[in-house]
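Within every chain, numbering begins at 1; the chains are lettered A, B, ... in the order of the sequence lines, protein sequences first and strands thereafter.
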Amino acid sequence: MALISYIEAGRRAVAREMELDPSVWCLGEDLGRGGVFGQYKGLAERFGAARVSDAPISEAAIMGVAVGAAMTGTRPVVEMRFSDFALCAVDELVNQAAKARFMFGGQSKVPITVREPIGMWRSSAAQHSQSLEAWYTHIPGLVVVCPSTPADNYALLRAAIRCDDPVVYMEHKNLWPLEGEVDEDAATIGLGKAAVRRAGGDITIVSWSACAREAERAGEILAEQGVAAEVIDLRTLWPWDQELVLASASKTGGVLVAHEAVGVSGFGAEVAATVAEHADVPVARVAAPRAPIAYAPTMEAVVKVTAEAIAKRVLRMIEARG
Amino acid sequence: MALISYIEAGRRAVAREMELDPSVWCLGEDLGRGGVFGQYKGLAERFGAARVSDAPISEAAIMGVAVGAAMTGTRPVVEMRFSDFALCAVDELVNQAAKARFMFGGQSKVPITVREPIGMWRSSAAQHSQSLEAWYTHIPGLVVVCPSTPADNYALLRAAIRCDDPVVYMEHKNLWPLEGEVDEDAATIGLGKAAVRRAGGDITIVSWSACAREAERAGEILAEQGVAAEVIDLRTLWPWDQELVLASASKTGGVLVAHEAVGVSGFGAEVAATVAEHADVPVARVAAPRAPIAYAPTMEAVVKVTAEAIAKRVLRMIEARG
Amino acid sequence: MSRPNIDRARLRELHQLMHRIRAFEREAIAAALDGRVLGAIHPSIGQEGVAAGVVTNLRRDDRLLSTHRGHGHTLAKGADPRAMMCELFGRVGGSCGGKGGSMHIADFGVGMLGANGVVSANITIAAGAAHAIKLKGDDRIVCCLFGDGAINRGPFLEGLNWAKVFGLPVLFVCEDNDWAATTRTSDMTAGEGAAARAAALGLATVTVDGNDVAAVDEAARQAIAAVRGGGGPMLIHAVTFRHTGHTSVDPGAYRPADEVARRIAEEDPINLCAQLLSLAGVSEEELASDVAEAATEMAQHAAFATEQPYPDPAGAYADVQDVGSPLERAY
Amino acid sequence: MSRPNIDRARLRELHQLMHRIRAFEREAIAAALDGRVLGAIHPSIGQEGVAAGVVTNLRRDDRLLSTHRGHGHTLAKGADPRAMMCELFGRVGGSCGGKGGSMHIADFGVGMLGANGVVSANITIAAGAAHAIKLKGDDRIVCCLFGDGAINRGPFLEGLNWAKVFGLPVLFVCEDNDWAATTRTSDMTAGEGAAARAAALGLATVTVDGNDVAAVDEAARQAIAAVRGGGGPMLIHAVTFRHTGHTSVDPGAYRPADEVARRIAEEDPINLCAQLLSLAGVSEEELASDVAEAATEMAQHAAFATEQPYPDPAGAYADVQDVGSPLERAY
Ligand SMILES: Cc1ncc(C[n+]2csc(CCOP(=O)(O)OP(=O)(O)O)c2C)c(N)n1
Ligand SMILES: Cc1ncc(C[n+]2csc(CCOP(=O)(O)OP(=O)(O)O)c2C)c(N)n1
Ligand SMILES: [Mg+2]
Ligand SMILES: [Mg+2]
């Protein structure tokens with residue numbers, strides 16, 4: 001066990017998989033110098049420039065090259081820098097990577113891990129702050145992972161690299177410095193397994209990524225007010241742990257989904273709809289308004305989902321129960 | 001009033017707006033010869049090649065050019081041929097068109113209408129059959145329209161072209177030949193208004209695009225079995241007619257959402273979640289499995305949402321009421 | 001017209017292959033007309049010189065990336081025509097189990113990594129397959145064919161730049177048939193076209209008459225040797241002509257009839273090849289037997305495909321992904 | 001060093017403008033260091049010769065599309081530096097109401113249609129603005145600046161091809177500072193670069209020393225006249241150097257220190273311009289006053305911006321769209 005940061009956990013996960021499997025390699029802009037956030041620091045020195053490869057500013061090529069290289073026996077880790085820039089490579093991800101196995105009748109798999117850092121971070125404004133995880137959950141063929149702790153980032157990134165499906169792997173930029181205990185020898189977590197961050201019997205709060213930390217804090221706030229919230233961090237959005245969520249829902253009698261992304265057609269809608277279909281309990285969502293993200297801190301902060309907002313909404317749900 | 005097809009209605013809508021407003025123009029591949037489905041037949045001859053412009057196979061440029069031309073006083077109608085190819089222009093639509101007005105503090109609007117034909121159509125397989133309307137509903141700044149009748153295609157396409165927001169306008173390829181009465185002098189329908197296709201008090205069925213025709217047929221099947229379904233065609237997905245749907249839900253006591261797109265994180269999730277949040281009634285969804293669309297007709301047909309499947313699901317909901 | 005160094009046997013092989021490609025597509029077009037083939041078919045009739053001349057110079061373990069107009073490329077790479085025909089028919093036994101159809105035909109067993117429904121998308125994928133070869137250090141190469149319309153999409157720039165920057169073993173072939181669907185490509189293409197653009201990216205380029213299969217064969221042989229030898233990526237610009245409409249249902253009325261008629265008469269790669277063979281002493285009977293054999297072979301495959309059942313619908317849920325069932329909580 | 005035809009008054013103007021740009025950015029960097037500016041700042045210090053030499057040759061009603069490194073371009077187009085400073089500070093009174101920040105700075109009132117956070121995205125937008133001009137038939141032109149890294153993205157190909165095919169009035173300017181973030185661009189760029197690629201697309205091109213503001217001025221004047229005269233799109237390849245890191249927080253350690261020091265010493269456009277002015281008889285005092293005035297002006301703007309409040313949070317919901325409220329059933 002070691003106390004390391006979320007970013008360092010990601011770095012070590014890549015390094016470990018590169019050690020174990022010579023077919024793993026990384027490609028993306030500025031990786032030779034460690035990547036724009038330092039997620040690849042030292043890896044080019046350790047594994048060579050061929051396996052930790054710089055790239056031109058060519059997102060479409062980065063993704064397309066990874067698809068071709070994955071169909072022919074390598075396991076690329078694709079770095080998109082900001083998930084917003086992955087919008088320059090959507091054909092490659094959605095029409096090619098996600099569909100190749102199916103279209104070709106199973107002749108090929110496309111084992112790529114696409115790292116797409118998401119989220120609001122230091123006044124980055126509309127083109128560097130998006131959280132579009134819901135999009136990828138809608139695309140057959142893709143796996144979607146949104147880790148929120150160093151331990152999960154380590155274990156899930158390793159699982160993603162080992163997975164034979166194309167995985168959209170979304171780290172949250174605001175979590176880079178977050179520290180936590182990581183057991184580098186633990187078994188990898190199965191994709192699709194949620195974590196119960198806090199047990200409770202009064203209400204279920206479902207979240208993921210950085211917002212899961214807010215949900216945990218909301219759990220604490222609520223505890224002070226005598227409400228025992230069960231806080232579930234999905235970690236993986238496709239597949240997602242419906243069993244766990246539905247079991248918790250029947251136990252607590254209510255589910256609130258909280259996420260940083262825009263509420264309309266966010267993944268919270270899928271969770272809420274699924275719960276509504278399968279469990280007869282009230283559901284609610286707390287998410288961002290349908291507006292781009294502004295630069296100025298006041299306007300940026302107001303659209304952010306906070307622990308306080310989550311707790312407030314839970315209290316309204318509890319009240320409504322009468 | 002005239003009996004015309006869905007495709008012809010779209011053609012006439014564009015022609016009418018081009019007559020009324022000299023700043024309206026169209027751009028896309030093969031428009032000079034009438035467009036790949038004939039949606040622009042005769043327009044180049046009538047309005048000149050400059051206003052009905054061919055384009056290189058450059059989806060990113062087609063969209064980006066439209067953005068620049070829209071910010072400077074023209075109203076481009078962008079033809080993407082198949083919505084699948086619009087995935088080659090996502091940065092331009094999502095990072096640029098949708099955000100420009102906001103990012104620049106209201107200095108500019110981006111009045112583009114992006115025509116993206118969607119849907120399964122004659123063994124077109126995985127890269128020519130997608131329905132990704134849910135994606136665009138998740139993006140602040142965008143309006144999303146999915147008409148299902150010739151009259152709506154006429155009126156809504158005119159409304160879209162007049163709208164100052166970027167509109168993603170999704171016609172369904174399977175509806176091209178559908179005929180219906182169109183009043184070319186009627187007022188344009190407001191974006192965001194749903195249509196009640198069939199009134200009923202037992203259950204609410206919500207749908208849009210080609211699937212709305214299946215929903216209507218399901219209404220007929222159910223009527224034969226003594227179930228009075230209220231069938232709502234949303235027509236516009238953003239904004240969408242929540243008032244109408246919620247009012248119907250309280251009246252009927254249950255809502256089923258049906259759509260052709262993949263169920264997971266489809267727009268049906270948003271509708272179902274909203275209903276579950278605001279009305280205490282059962283909700284259910286009928287939609288495609290999370291799989292790419294196959295070529296062979298047997299495998300294509302099995303994932304299609306039919307009137308029969310909708311009716312069956314409704315009957316299960318009614319049964320569950322006890 | 002006489003030529004030095006004509007390898008008669010080689011040319012005869014190419015003649016046979018071109019006829020097989022044409023016969024295959026004639027069957028496919030007929031089947032599309034009568035509803036046995038349901039999806040779109042993009043015939044390459046008239047362009048067989050490029051498919052035959054380029055692709056037969058590849059090794060079986062070399063990789064090929066193709067386009068929406070890929071039957072010829074796929075056959076030339078050695079794919080089983082019976083499985084291909086079944087795929088077009090969407091039947092059991094198809095190369096992709098009926099999931100892809102014409103636009104996604106693939107046979108990984110012979111290194112054919114897929115046609116593609118998105119113009120230009122195969123270019124970066126080809127660069128990726130070549131990148132994998134470089135990482136592994138073997139001596140395969142990748143061949144990537146695309147149309148003249150494809151050079152106006154971003155992946156052309158990004159893919160060629162990538163291949164050159166990393167010195168990858170990939171041969172790009174622009175199959176220039178003058179048209180992109182209903183648009184004359186030159187109307188929408190600035191500058192001198194594929195070769196000039198590739199040259200500006202530092203690639204060595206060759207322009208060749210794509211209707212002269214012997215010339216294509218020679219150019220491809222040389223280019224492939226250079227690429228395999230570590231010379232980095234190259235581009236062949238092959239000028240050819242499609243005889244049919246863009247798809248099997250396109251009458252092609254937008255093209256001047258006289259131009260089409262003239263080019264078919266003067267530039268058909270099969271005719272030109274047959275003339276060369278005649279001059280080289282191949283008899284009319286031999287040439288005719290190439291036609292007949294090809295026709296018979298492909299008619300048999302079409303008849304076979306016609307008899308096959310459609311796939312089990314349950315296949316719609318297979319081959320999606322390892323993690324997360326498509327039917328998990330399906331609606 | 002002496003030059004024929006130096007227009008002293010013009011050069012002095014450029015000198016003043018370059019100092020204003022530099023002073024603006026020094027204030028911005030200082031504010032980023034102490035937390036008054038929160039978002040990323042990409043300084044163009046060292047590259048002012050391009051901004052000043054090119055953009056001042058545009059008319060006020062011409063249109064400009066810029067990049068993430070766009071302060072200089074924006075100032076040169078005549079935007080209000082006070083509003084710009086407020087924008088960088090995310091305060092009331094900012095050019096974009098505090099919604100955009102440095103990477104999205106825009107002033108439509110002076111034809112500055114936006115910096116852009118996505119590399120290369122401005123190229124097709126610029127083609128579109130030029131397309132609108134052509135449709136309307138007026139005599140404006142569009143100027144689009146981008147970096148040397150931007151030429152490896154698809155929109156470079158698609159946008160230049162489009163502009164040439166439609167004969168549009170747009171001047172593309174590749175501001176080549178040798179680096180793209182931490183990567184030496186030449187390592188990731190095949191062929192001869194921007195001008196060769198543009199030439200392959202049929203554009204007339206000019207390469208100019210971007211650190212010689214007089215040369216840039218002259219090249220831009222000629223190019224703009226040609227473009228405005230209906231000659232179609234052109235590209236200027238301007239070679240320059242950024243003195244700072246990629247962003248204000250980037251120490252730039254990946255660049256050899258000696259190379260950076262040498263290039264700053266030898267190639268600074270402001271120094272070079274001052275030397276020319278000296279030779280042309282402008283006094284040391286006059287030159288020093290340009291520095292001082294620029295510094296004073298921008299310090300005042302920074303002081304002003306520092307005093308402004310942050311915008312009302314409710315602005316987060318405004319300027320989204322006409323149809324459909326962002327708060328409708330918000331959660
Ligand atoms: C990205 C994209 N845009 C548009 C299309 C529609 N389309 C299919 S084939 C074709 C023409 C392609 O022309 P070219 O590259 O010259 O190939 P050819 O058909 O002539 O063989 C077009 C526009 C597509 N499949 N993909
Ligand atoms: C599509 C995209 N990819 C990556 C980035 C991240 N990025 C911002 S600036 C930059 C370097 C750009 O280099 P260049 O075009 O030469 O401009 P310079 O910064 O040198 O002015 C990169 C990679 C981005 N903003 N957009
Ligand atoms: Mg062509
Ligand atoms: Mg640069």
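- The interface of residues 63-98 of chain C with chain A, defined by heavy-atom distances below 4.5 Å, comprises C:R63, C:S95, C:C96.
- Between A:R235 and A:D241, no side-chain nitrogen of the basic residue sits less than 4.0 Å from a carboxylate oxygen of the acidic one, so the salt-bridge criterion is not met.
- Contact of A:W240 with chain C is made through the backbone alone, with heavy-atom distances under 4.5 Å.
- Of the atoms belonging to C:V320, heavy atoms from both backbone and side chain fall under 4.5 Å from chain A.
- If you measure heavy-atom distances from A:A55 to chain C, the contacts under 4.5 Å come from both the backbone and the side chain.
- Contact residues of residues 95-113 of chain A toward chain C are A:N95, A:Q96, A:R101, A:F102, A:M103, A:F104, A:G105, A:G106, A:Q107, A:S108, A:K109 (heavy-atom distance under 4.5 Å).
- By a heavy-atom distance cut of under 4.5 Å, C:L113, C:G114, C:A115, C:N116, C:V118, C:A121, C:T124, C:I125, C:A127, C:G128, C:A129, C:H131, C:A132, C:L135, C:K136 are the residues of residues 112-143 of chain C near chain A, going up by number.
- In this structure a side-chain-to-backbone donor-acceptor pair under 3.5 Å is missing from C:T183 to C:T185.
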- Would you check, one step at a time, whether the test side-chain contact (heavy atoms from CB on, under 4.5 Å) holds for A:L87 with A:W135? CA-CA 11 Å; A:L87 302 190; A:W135 273 29; 3.9 Å; yes
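- There is no contact between A:S23 and chain C, counting heavy-atom distances below 4.5 Å.
- Within a 6.0 Å radius of NZ in A:K251, more than 12 heavy atoms belonging to other residues, nucleotides or ligands are found.
- By the 4.0 Å N-to-carboxylate-O rule, A:D21 lies too far from A:R162 to be salt-bridged with it.
- For A:F267 and A:W238, the ring centers are positioned 6.0 Å apart or more.
- Between the side chain of C:D322 and the backbone N or O of A:D165 there is no donor-acceptor pair closer than 3.5 Å.
- Residue A:L142 touches chain C through its backbone alone, counting heavy-atom pairs closer than 4.5 Å.
- Note that CD1 of A:I62 and CH2 of C:W162 are 5.5 Å apart. Values are rounded to the nearest 0.5 Å.
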- Full working for side chain to side chain donor-acceptor pair (under 3.5 Å) between A:S207 and A:D233: CA-CA 5 Å; A:S207 193; A:D233 178 352; over 6 Å; no
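- Under the 4.5 Å side-chain criterion, counting only non-hydrogen atoms from C-beta, A:T204 is not in contact with A:V275.
- Here the CD atom belonging to A:E29 is positioned 5.0 Å from the CZ atom belonging to A:R81, to the nearest 0.5 angstrom.
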- Item | Steps toward side chain to side chain donor-acceptor pair (under 3.5 Å) verdict (A:E270, A:T274) | CA-CA 6 Å; A:E270 178 62 29; A:T274 302; 3.2 Å; yes
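- Within the 4.5 Å cutoff, side-chain heavy atoms of C:R197 are placed close to those of C:F156.
- Looking at residues two or more places apart in sequence or on another chain, you find no side chain to side chain donor-acceptor pair (under 3.5 Å) involving C:D312.
- Here the straight-line distance linking atom SG of A:C88 with atom CD1 of A:I57 works out to 10.5 Å at 0.5 Å rounding.
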